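Scroll down for the structure; my scribbles are underneath it.
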Amino acid sequence: GSRATGAPLVYLDSAATAQKPLAVLEAGRRFETECNASAHRGLYGLAARATEAYEGCRARVAAFLGSSSPESVAITRGTTSALNLAAQGLALGPDAEILLTEMEHHSNLVPWLLAARRTGARLRHIPVLAGGTLDLEAFERLLGPKTRVVALAWVSNVLGTINPVERIAEAAHARGALVVVDAAQAVGRLPVRLAECGADLLAFSAHKCCGPMGLGFLAGARQALERIEP
Ligand code: PMP
């Protein structure tokens, strides 16, 4: 119940951050009390258990995204941190154009603004039509030989619009551009298949899917992840 009123609490803001089921809290407690040690950094039993749990997490996330390769998942602090990793680590220069949409969350705007400022790359924006969908004709016009990255939300947190990621990615790939997808509102709500959705890099936050705050991932094929200079 609500502490403030004593009335039963109905929580309807799960798209922003979900409440955690007891099973999630219990799994976190179990890790901390039974497995916690330095993953990949110790040769003793407890460290091996920590490594196993850490790698098990990557494998499960990969499987959830339809991938059999744990290497396709890099654990991050969440969507914002994953998108920052991509924007800061991809090679860009004064000749490059970064194509975003007008409906991006700040998480998928500010990192690219900073990258553009740092590298001299140019930001361009796909307009949104009156009905809340992307102007795909404008997208085709904006997409050019200089487009190095197309970065967009799969599902808009403001409009609820589901963007045609696969179609956009097909056009972007034909121009040799890398497709970065903010999947904060997509994973857990839509069936997300890493290899088929068109995203080269896909960012997500666990707290939007009943998981812990401060945890998430950047997923993609190994070749795409390796284009990011850490
Ligand atoms: N992108 C979208 C579309 C979102 O809805 C959110 C969360 N509201 C974020 C990015 C940012 O997620 P986080 O704060 O977990 O990094």
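Just so you know, residue 1 is the first one in the sequence shown, and it goes up from there. Everything numeric in this text was worked out from a predicted model, so none of it was measured. The analysis underlying the following values was restricted to heavy atoms, covering all of them including side chains, and did not include hydrogens, waters or symmetry mates.
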Quiz item: Going by heavy atoms in the side chains, are P127 and F139 under 4.5 Å from each other?
Solution: no
Quiz item: Heavy atoms, side chains only, cut-off 4.5 Å: are D182 and L152 in contact?
Solution: no
Which donor-acceptor pairs under 3.5 Å do side chains of residues 81-104 form with protein atoms, sequence neighbours excluded?
{"residue": "S81", "atom": "OG", "partner": "R77", "partner atom": "N", "Å": "3.2"}
{"residue": "N84", "atom": "OD1", "partner": "Q88", "partner atom": "NE2", "Å": "3.4"}
{"residue": "N84", "atom": "ND2", "partner": "T80", "partner atom": "O", "Å": "3.0"}
{"residue": "T101", "atom": "OG1", "partner": "M103", "partner atom": "N", "Å": "3.0"}
{"residue": "T101", "atom": "OG1", "partner": "E104", "partner atom": "OE2", "Å": "2.5"}
{"residue": "E102", "atom": "OE1", "partner": "V128", "partner atom": "N", "Å": "3.1"}
{"residue": "E104", "atom": "OE1", "partner": "N108", "partner atom": "ND2", "Å": "2.8"}
{"residue": "E104", "atom": "OE1", "partner": "A153", "partner atom": "N", "Å": "3.0"}
{"residue": "E104", "atom": "OE2", "partner": "A153", "partner atom": "N", "Å": "3.1"}

Quiz item: Ion pair present between R58 and E55, side-chain N to carboxylate O less than 4.0 angstrom?
Solution: yes
Quiz item: Does a sphere of radius 6.0 Å around CZ in R167 hold more than 12 heavy atoms from other residues, nucleotides or ligands, not counting ones at 6.0 Å or beyond?
Solution: no
Self-check item: T133-T161 side chain donor-acceptor pair, cut-off 3.5 Å
Solution: no
Under 3.5 Å, sequence neighbours excluded: what are the donor-acceptor pairs made by side chains of residues 203-219?
{"residue": "S205", "atom": "OG", "partner": "T79", "partner atom": "N", "Å": "2.8"}
{"residue": "S205", "atom": "OG", "partner": "T79", "partner atom": "OG1", "Å": "2.5"}
{"residue": "H207", "atom": "ND1", "partner": "T17", "partner atom": "OG1", "Å": "2.7"}
{"residue": "K208", "atom": "NZ", "partner": "A15", "partner atom": "O", "Å": "3.1"}
{"residue": "K208", "atom": "NZ", "partner": "A16", "partner atom": "O", "Å": "2.8"}

Quiz item: Taking the side chain as C-beta and beyond, is there a heavy-atom pair between R193 and L65 under 4.5 Å?
Solution: no
Exercise. Measure the shortest side-chain to side-chain distance between E26 and R30 over non-hydrogen atoms and say whether it is less than 4.5 angstrom.
Key: yes
Review item, side-chain donor-acceptor pairs of residues 170-179, under 3.5 Å, at least two apart:
{"residue": "H173", "atom": "ND1", "partner": "A169", "partner atom": "O", "Å": "3.2"}
{"residue": "H173", "atom": "NE2", "partner": "D200", "partner atom": "OD1", "Å": "3.4"}
{"residue": "H173", "atom": "NE2", "partner": "D200", "partner atom": "OD2", "Å": "2.7"}

Quiz item: Is the closest side-chain heavy-atom distance between L202 and L194 below 4.5 Å?
Solution: yes
Quiz item: Counting only heavy atoms not in R189, do more than 12 sit closer than 6.0 Å to its CZ atom?
Solution: yes
Practice problem: May I ask you to check whether over 12 heavy atoms, not counting those of K146, lie within 6.0 Å of atom NZ? | Solution: no
Quiz item: L134 and V155: same hydrophobic cluster, using ILVMFWY side-chain contacts below 4.5 Å?
Solution: yes
Quiz item: Are there more than 12 heavy atoms of other residues, nucleotides or ligands under 6.0 Å from atom CZ of F31?
Solution: yes
Exercise. Check whether more than 12 heavy atoms from other residues, nucleotides or ligands sit under 6.0 Å from atom NE2 of H40, and answer yes or no.
Key: yes
Quiz prompt | Side-chain ion pair, R222 and E226, N-O less than 4.0 Å | solution = yes
Quiz prompt | pair W154-I162: side-chain heavy atoms closer than 4.5 Å | solution = yes
Quiz prompt | Closest non-hydrogen atom pair, S72 against A62 | solution = OG-CB, 4.0 Å
Quiz item: Do W112 and V110 share a hydrophobic cluster, counting only Ile, Leu, Val, Met, Phe, Trp and Tyr and linking them when any side-chain heavy atoms are less than 4.5 Å apart?
Solution: no
